[in-house]
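In what follows, a single structure is set out as C-alpha cells and then discussed.
Reminder, nothing fancy here: chain letters follow the sequence lines and each chain counts from 1.
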Protein chains: 4
Amino acid sequence: MGHQTPAEVEAGLLRPPSGARSDAAHEKALRSAVCLLKIGGMKAATIDAISEQSGVSKVTLYRHWPSRQAIAAEAFGVLMARHLTFPETDSAQADLNDYLDDIGKFYRGPLGSIFVELVGACANDATTAAYFRTFFLDERRRGFADLIQRCVESEYFRDDIDTEQAIDLFFGPLVYRMLVGHASIDDRALHSIIDHAIRGLRKPV
Amino acid sequence: MGHQTPAEVEAGLLRPPSGARSDAAHEKALRSAVCLLKIGGMKAATIDAISEQSGVSKVTLYRHWPSRQAIAAEAFGVLMARHLTFPETDSAQADLNDYLDDIGKFYRGPLGSIFVELVGACANDATTAAYFRTFFLDERRRGFADLIQRCVESEYFRDDIDTEQAIDLFFGPLVYRMLVGHASIDDRALHSIIDHAIRGLRKPV
Amino acid sequence: MGHQTPAEVEAGLLRPPSGARSDAAHEKALRSAVCLLKIGGMKAATIDAISEQSGVSKVTLYRHWPSRQAIAAEAFGVLMARHLTFPETDSAQADLNDYLDDIGKFYRGPLGSIFVELVGACANDATTAAYFRTFFLDERRRGFADLIQRCVESEYFRDDIDTEQAIDLFFGPLVYRMLVGHASIDDRALHSIIDHAIRGLRKPV
Amino acid sequence: MGHQTPAEVEAGLLRPPSGARSDAAHEKALRSAVCLLKIGGMKAATIDAISEQSGVSKVTLYRHWPSRQAIAAEAFGVLMARHLTFPETDSAQADLNDYLDDIGKFYRGPLGSIFVELVGACANDATTAAYFRTFFLDERRRGFADLIQRCVESEYFRDDIDTEQAIDLFFGPLVYRMLVGHASIDDRALHSIIDHAIRGLRKPV
DNA sequence: AGCTAAGCGAGACGGTACGTCAAGTCTTTCA
DNA sequence: TGAAAGACTTGACGTACCGTCTCGCTTAGCT
C-alpha cells in the first residue's frame, strides 16, 4: 500500500497505488529513519542521513514527506507498532493498572525519549503534529479509549467522563514532566499521579 | 547582578560579579530577545538576530548563555514577570477558579504559543529545560503551590496530596494538548479538564 | 521526414523513416523550444520545461536529441529560418553593406542574445556545436559565402582570399564583443570593424 | 590586500582591508580553483569541489565571489599571470608576429580550452564577464594595445585605426572558431587570418 | 485480422550541484 | 582587559535540472 499524507489519511482517502518503485523507496526511507531514530534520536534523523543511509534521494524524500520531522513521526509509528499492546483480561481495572505500568517503563526507556523529542517537535510545526497523530498517536489513543470505556462499563469510572480528557489526565502530567524535567517520574511519582487521575475519574463508592 | 548558569543557580552559587559592562550587555540582549519573541516567536529569536538587534556581539551572548534557547527561556521569564499574578482573596476555592481561568486565556494567547515553543525546545536540550525552570517555571509553580496549599488548608483539597503532582494534574493535560493538538482546549474542554483534576484532589464530602 | 543527428547529417545519412508519430513529437518539441527560447532564452529552455510545455515526454526528447542544448540549437535554426534573407541586387558591394547592417541590428536584438547564448553553449559541448552548425550556421555561412564570392567576382575583393576566413573576419569580432562585453557594438563601432575587415579583403586599387 | 568585486575594481575602489584571515581564504580558494581548472576545466571547478579541496567553506566562497564562474575567471587570471609575456624587441613588426605565434600555440593548448570555456560562460552571465575582464582580459588587452601602438608608431599600421577594434580583429575570428568549431585553427589558417587582419590595418605602401 | 514490436506519455527515481541559513568559534581591533 | 566587529567552519536544508527507468497504452506494419 502506498503512502498517505495526513490530510488524505485524515480524510479517509488513500492515494491510488503508484507502482512498486514508489513504495520501495517509502519503505526504505522509513526503515532507515527508524534505525537512525533508535541510534541517535531526532538529532540523527536528518534528511541527509536518511537519504544517504537508505539510498533514497533527498528529492524523493521530499516528494513523500513535507519534512524530516514528518518522516520521523511516521517512522516512530512504525517503530511502536511492535510494542505496547493493550492487555485485555476480564478485569478492566487490572488491565488499566497493567497498561499504566507499561507506560511508565516505556517513558523511561529509549523509545520514551524519542517520543518526547517528537512531542517537542510538534510544538514548532503543525504538520509534524498531524503526522505524529496520524501515524502514531491516534491509534494508540483509540486503544486506550477502549480500555477506559471498559472501566466505565465495569462501573469503575463514572459514566459522565470524557474519554479524551481522561486519556490526557493520565498522559499529560507524564509528558509534561518528561519535557520540562521539573519533577521525577519514578515509580512512586508515577503511581501517585495515576492515583490522582483515577480518583478524578472514579465512580463514587 | 550578573547572570548565572542554571547549574550555578540550582546549586545556589553566584558568579563573581563581572563589572558594569557585562550587566548592560545582559540586559540589552534580554530586551531584544523579549522583543523578538513577541514578534516572531522562537523562530525569530536567533542568535544573529538578537546580536544584531541588541548590539551585543555573538561572542558575548555565548559568554552569558549556553544557547539561544537559554536566552529565550530567560527572556520569557522576564516577559512573564509582568503577567499572571496570583489572586489572593479569602476564598482559596474562588482564587483557584480565577487563576485557572486566567491560565486558559493565557494559553490561547500569543504568549501561550511562545510558552509551548519553549516547552518544545526543552525536549531537545536539558540545559534549555534548566533555564526554563530557573527563570520562569519554578517561581510560577511556587505561587501555584501556595494556592493549592491554601485549598488544602481550607479543606477543599485532601491533605495527603502531593503539591507538585497536583500542579501537573492541572497543567499537564493542557500543555500536552497544546503541543500535539489532538484535542481542543476551548472553554468547555478546559473547564472539564479542570473539573476532572479537581475531583482527583478534592476532599471527599 | 524524421530527424537526424548531426553525425548522420554530416555523414549525409538519413535515419530510416520512423513513422508519423515520431515526427509529430519532434515538431511539437521544437515549437515549444522556440517559444521558450524567445521568452526566456537558454535558461528557460530546460528539458523539463520543453517536455511539460510540448506534451512530449522527456524520454522521447532524449530519443530525438542528445541534450537540451541540441534541441535549442535546432529550434534556433527554425526560428531564424524566417529572418535575415540575403539581399541580391546588381551591386555586390551594396548587398554586402545592406547585409552587414542587418547583422548589426540582429545582434543587438533579442535573437542576438539567444545566438550568443548558443555560441556560449558550444564552448562546453562539441555535440551542441555540431547541432548549431548543422541546423543554423552552415546554411547561413553558405549564403554569406555566396555574397563574398560575388564581391570577388565584381573585383571588390581580392581573388586570393579564403571565403571562410573572410566570414570570420566580419563575424568573429562581433561575436567576441557580444560574449565578453569588453567593448561596444554600437553603429559606429560596428561600421568601423566592418571597415577594417573590408580593407583586409579589398583588392588594391 | 582584501578581495574586490569587479564593480569596485572597475570603479577603482578597494574594499577596506579586512584582516589576515579573509585573504588567506581568498588565496586558498583561488589556488584550489586553479588546480581544478587545470585538471578538469570549468566542469571540475564546482563550488563544492573548490570548497572541499581548499578547506574554505561554501559560505565564505559566496562572500568573496558571486558565483563559481567568477572564481574560475579570477583563478584563470592568476593562472595566466605566469604566461604569455609580450615580446619587446626593436622591431614592432617582429614582436607582433612572435606574439601572434604564441597566441596560436596557447589557443591550441590546455589553457586555450579553459579560456574558451570561460568565454562561453561569459555568454550566460554578465557578472562572470565582468570578472573575466577585470582579472584576465583587461590587462592582457592593454599589453597587446601597446604592441599595436608600436606598430602604428613604426608606421607599420595606419594611424587612424582604433586599437580596441584592431585587437578584436585578430582575436575575434580565433575565438569564434574555437567556440563553434566550424573551421580549423591550424597554423595555415591562423597565419592566413592574421594576414587578412594585418592587411586591414596596414598603412598603404 | 490479428500479432508483435516500436514509439509514446506519464511520472518516479538517483544524482550532482546549487545557494542559503543558523549555530557556534575565532581573531583582530578598539575603548 | 573585556567587548564589539565580523570573518570563519560546519552541518543541514530545500531546490533545480539532469538523464534514466519502468509502466501501460497506442499504433504500424507485418504475418
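- Between B:Arg63 and the phosphate of F:dG2, there is no side-chain N or O to OP1/OP2 separation shorter than 4.0 Å.
- Contacts of residues 44-51 of chain C with DNA chain F (heavy atom under 4.0 Å): C:Thr46, C:Ile47, C:Asp48.
- Taken from CD1 in C:Ile47 to OG in C:Ser57, the straight-line distance is 10.5 Å, to the nearest 0.5 Å.
- The residue among C:Val59 and B:Thr60 whose nearest nucleotide of DNA chain F is located toward the 5' end is B:Thr60.
- Of the two residues near DNA chain F, B:Ser57 and D:Ser57, the one whose nearest nucleotide lies more 5' is B:Ser57.
- If you measure from atom CD of B:Glu52 to atom P of F:dA4, you get 14 Å, rounded to the nearest angstrom.
- Not one side-chain nitrogen or oxygen of D:Arg68 sits closer than 4.0 Å to the OP1 or OP2 atom of E:dA17.
- With sequence neighbours excluded, the residues that form a side-chain contact (heavy atoms from CB on, under 4.5 Å) with B:Ala75 are B:Leu30, B:Ala33, B:Val34, B:Leu37.
- One atom, OH of C:Tyr62, and another, C1' of E:dC8, lie 17 Å apart when rounded to the nearest Å.
- A donor-acceptor distance shorter than 3.5 angstrom exists from the side chain of D:Thr134 to the backbone of D:Ala130, with no hydrogens or angles considered.
- Distance C:His26 NE2 to E:dC8 P: 11 Å, rounded to the nearest Å.
- Across the protein-nucleic acid pair, A:Lys43 atom NZ and F:dC13 atom C1' stand 18 Å apart, rounded to whole Å.
- Rounded to whole Å, atom C1' of E:dA6 lies 15 Å from atom CG of C:Asp23.
- Contact detail for A:Leu61 and A:Ala29: the closest heavy-atom pair is CD2-CB, 3.5 Å.
- In the model, B:Glu74 has a side-chain atom that pairs as donor or acceptor with a side-chain atom of B:His26 under 3.5 Å.
- What separates CD1 of D:Ile71 from P of E:dC18 is a distance of 9 Å, to the nearest Å.
- Toward the 5′ end of DNA chain E lies the nearest nucleotide of C:Lys28, the other residue of the pair A:Gly55 and C:Lys28 mapping further downstream.
- Below 30°, between 30° and 60°, or above 60°: for B:Phe136 and B:Phe132 the angle between ring planes is between 30° and 60°, a tilted geometry.
- In this structure, A:His64 does not reach the E:dA12 phosphate: none of its side-chain N or O atoms is under 4.0 Å from OP1 or OP2.
- When the P atom of E:dA17 is taken as reference, atom CE of D:Met42 falls 14 Å away, rounded to whole Å.
- A donor and an acceptor atom sit less than 3.5 Å apart, one in the side chain of C:Lys58 and one in the base of F:dG19.
- For the pair D:Arg31 (side chain) and D:Ser54 (backbone), a donor-acceptor distance under 3.5 Å is absent.
- What separates CD of A:Gln69 from C1' of F:dC13 is a distance of 11 Å, to the nearest Å.
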